[in-house]
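Naming convention: chains lettered A, B, ... in sequence-line order (proteins, then strands); numbering from 1 in each chain. Reckoned from all heavy atoms, side chains included, excluding hydrogens, waters and symmetry mates.
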Amino acid sequence: MSMLEGFLYKPKESPLHKLDPRSKAVILVFYTVTSLIYLDPIVLILLLLSVVLLSIVGKCVREWSKSVKATLTFALVIFILNVLASPGLGYTYALAMSLRFLSLAAAFSLYFLTTPPEALALSLEAAGLPRDFTLMLTLSLRFVPTLARDLQIVTDAFRSRGLKLDSGNYVERLYNFAKLLTPLIVFEIRRSLMIAEALESRGFGGAVKPSLYKPPKMSLIDYMITAGGLVALGVIVCYHLGFPQ
Amino acid sequence: MDYEDAIVVKNLYFSYNEKLVLKNINLQIKKGEIVTIMGENGAGKTTLIKHFNGLLKPKKGKVIVLGMDTSQTPVSQLARHVGMVFQNPDYQLFAETVEEEIAMALRNFGFPEEKVKARVEWALKVFELDRYRKRSPYLLSIGERKRLSIASVISYDPPIVVLDEPTAGQDFLQKEKIAELLFLLKQMKKTIVMVTHDVEFAIKRSDRIVLMADGEIIAQGPTFEIMSSIELLERARLKPPQIIETAYILKRKNILPSEISIFTPKDLVEAIAKNVDA
């Protein structure tokens, strides 16, 4: 669950936290597009280093490093799979694929660590996205800690009835862990039905489109970052399309 | 070590993420006792009982269960001696049928198959779940699910039974059934530890009350002694049982003498009758 913690909003006083989710989203798109179109390890390392700098600005190095540490295992798997599956492309290619995954995960982790889900939903709603979609996004982020707590309670209940989850061989443990899924799924389905009923009883999904209590506002810095991000994105894409590698 | 004690807690400290949630807990629970732990939400009650079967290990101090140090003993071994019934039955049910649900713990503890069958039959009868044996646990009512969660623990006959909020969300009839089960467990010489906010339920069924507030035990003693102290109950943010509160008001208004002990409606009626006669 520590990996998920690195993708959950942590309230702090930092310049990155103060930015509007939309201007940060433009920078996120820049990082995503750049890591997807470039396969040069040096470019990808530079991208990764710039995210490190941003995490210092955002005062969330500790939380951010948790998610990066957890994704390192996946990056290693990607490296091994690429070496095995495409032997002709060499180690540099495999390294670039791992770095691509790492820089994407690092950038998204930083974005979610510094952006409250409610502000993100409001901004998306203000940008014209349907409310069902924004609610889905907010709820999925909101329920990560709840799901972690539920998993802990179910684990405790089963261990109390003699289920061995921390001893025995791997197959046995995996089989025992699978037993936890039944109560967890049943409970989460029941919870989602309860939430749906609670939302409907409070008028969600009515014919009238609700107005926003506090419409999100972009500051001058937000506009400057958005403009800078869009220009940088345009340059990167044009450079890539104009001079294919 | 005194083996007359089922559970001994010595200078227990526990913290979650550097926040101290249990402070210097000292407690002794004798074999065959019914002890109720009470206190407001966040007082540390559930954290304390999770130490009894080793789900949580002390940060400082010791918890000894039937002579076993919980920090040195795995949960799977302690669970055989300490049956824990969680507050919400939905978190602990998983099997396709009611009888499979009861058999789960028995198989985990390596009971021979003929014994598993015999215990399942016994539990189905005692807990009045016989007619649902082939039904999915999730199709039972909340009261039946609660009984099933207790049955699945009692079936493997642990000498200590810990119940977390056994009456939460239960109607009067279900509460009475749970009270009957407690009586049955008492007859079976089990040691029972209960966590509840339900003062009316606790006053009738406990031998001893432990009051907690802010991670500490603020008082412990015989049920009547603790329940009669309005000040102590207030400190633990609990409302006194109706009978105690009524007697307290009558004593304050000098309708009843202050030295008289009133614990049950019968005591109150007799005291009033005596006063009227006088």
Side-chain angles (χ1 to χ4, degrees), chain A residues 1-6 8 10-12 60 62-63 65-66 143-195 197-198, chain B residues 16-17 46-47 49-57 74-96 100-111 136-140 142 145 148-156 158 160-164:
Chain A
M1 292 321 275
S2 64
M3 183 180 97
L4 291 175
E5 270 175 42
L8 288 178
K10 295 278 174 320
K12 276 186 187 168
C60 51
R62 213 180 73 175
E63 294 88 355
S65 58
K66 267 188 192 172
F143 278 103
V144 171
T146 313
L147 192 67
R149 201 197 59 203
D150 289 348
L151 179 65
Q152 188 59 54
I153 296 172
V154 172
T155 309
D156 285 350
F158 275 74
R159 287 176 77 204
S160 301
R161 281 162 72 197
L163 196 74
K164 286 178 184 160
L165 295 169
D166 40 15
S167 57
N169 63 45
Y170 280 108
V171 180
E172 210 176 309
R173 276 156 79 168
L174 201 67
Y175 177 72
N176 285 344
F177 266 111
K179 285 183 182 168
L180 305 181
L181 287 176
T182 316
L184 211 54
I185 291 170
V186 170
F187 203 78
E188 297 318 323
I189 290 173
R190 281 193 177 155
R191 192 201 297 278
S192 64
L193 290 174
M194 278 193 292
I195 292 168
E197 281 172 1
Chain B
Y16 277 122
N17 301 325
T46 304
T47 308
I49 59 166
K50 279 187 178 178
H51 279 82
F52 297 164
N53 71 346
L55 284 173
L56 296 176
K57 307 284 183 193
V75 179
S76 50
Q77 194 182 325
L78 284 163
R80 177 65 189 87
H81 304 277
V82 184
M84 176 94 72
V85 181
F86 285 73
Q87 184 179 344
N88 190 337
D90 291 352
Y91 279 120
Q92 45 196 313
L93 306 176
F94 88 103
E96 276 180 46
E100 280 300 310
E101 191 65 56
I102 299 174
M104 181 244 189
L106 291 158
R107 293 203 175 107
N108 283 340
F109 292 122
F111 279 70
S136 162
Y138 292 107
L139 295 176
L140 302 180
I142 178 72
R145 292 207 296 277
L148 175 59
S149 67
I150 302 175
S152 61
V153 169
I154 307 299
S155 61
Y156 67 85
I160 302 169
V161 181
V162 182
L163 300 132
D164 192 1

Chemist: So what's closer than 4.5 Å to chain B heavy atoms on A:Lys179: side chain, backbone, both or neither?
Modeler: both
Chemist: At a 4.5 Å cut-off on heavy atoms, which part of A:Asp150 comes close to chain B: side chain, backbone, both, or neither?
Modeler: both
Chemist: Would you name the heavy atoms of B:Tyr91 and A:Phe158 that are closest together and state the gap between them?
Modeler: O-CE1, 3.7 Å
Chemist: With rounding to the nearest 0.5 Å, note down the distance linking CG in A:Asp156 to OG1 in B:Thr46.
Modeler: 11.0 Å
Chemist: Might you point out which heavy atoms bring A:Arg161 and B:Asn108 nearest each other, and give the distance in Å?
Modeler: O-ND2, 3.1 Å
Chemist: Taking the side chain as every heavy atom from C-beta outward, state whether B:Tyr138 and A:Thr182 have any atom pair closer than 4.5 Å.
Modeler: yes
Chemist: Main chain of B:Asp90, side chain of A:Arg190: is a donor-acceptor contact present, judged purely on distance under 3.5 Å?
Modeler: no
Chemist: So A:Leu163 and B:Met104, do their side chains get closer than 4.5 Å, heavy atoms only?
Modeler: yes
Chemist: Give a yes or no on this: more than 12 heavy atoms of other residues, nucleotides or ligands lie within 6.0 Å of atom CD of A:Glu188.
Modeler: yes
Chemist: For B:Phe86, which atoms come within 4.5 Å of any heavy atom of chain A: side chain, backbone, both, or neither?
Modeler: side chain
Chemist: Contact part of A:Val186 toward chain B, heavy-atom cut-off under 4.5 Å: side chain, backbone, both or neither?
Modeler: side chain
Chemist: Locate the shortest heavy-atom distance separating B:Leu55 from A:Ser160; write the atom from each residue and the value.
Modeler: CD1-OG, 3.5 Å
Chemist: Closest heavy-atom contact between B:Ala79 and A:Gly162?
Modeler: CB-N, 4.2 Å
Chemist: Output the distance between atom CG (A:Leu180) and atom CZ (B:Phe94), rounded to the nearest 0.5 Å.
Modeler: 9.5 Å
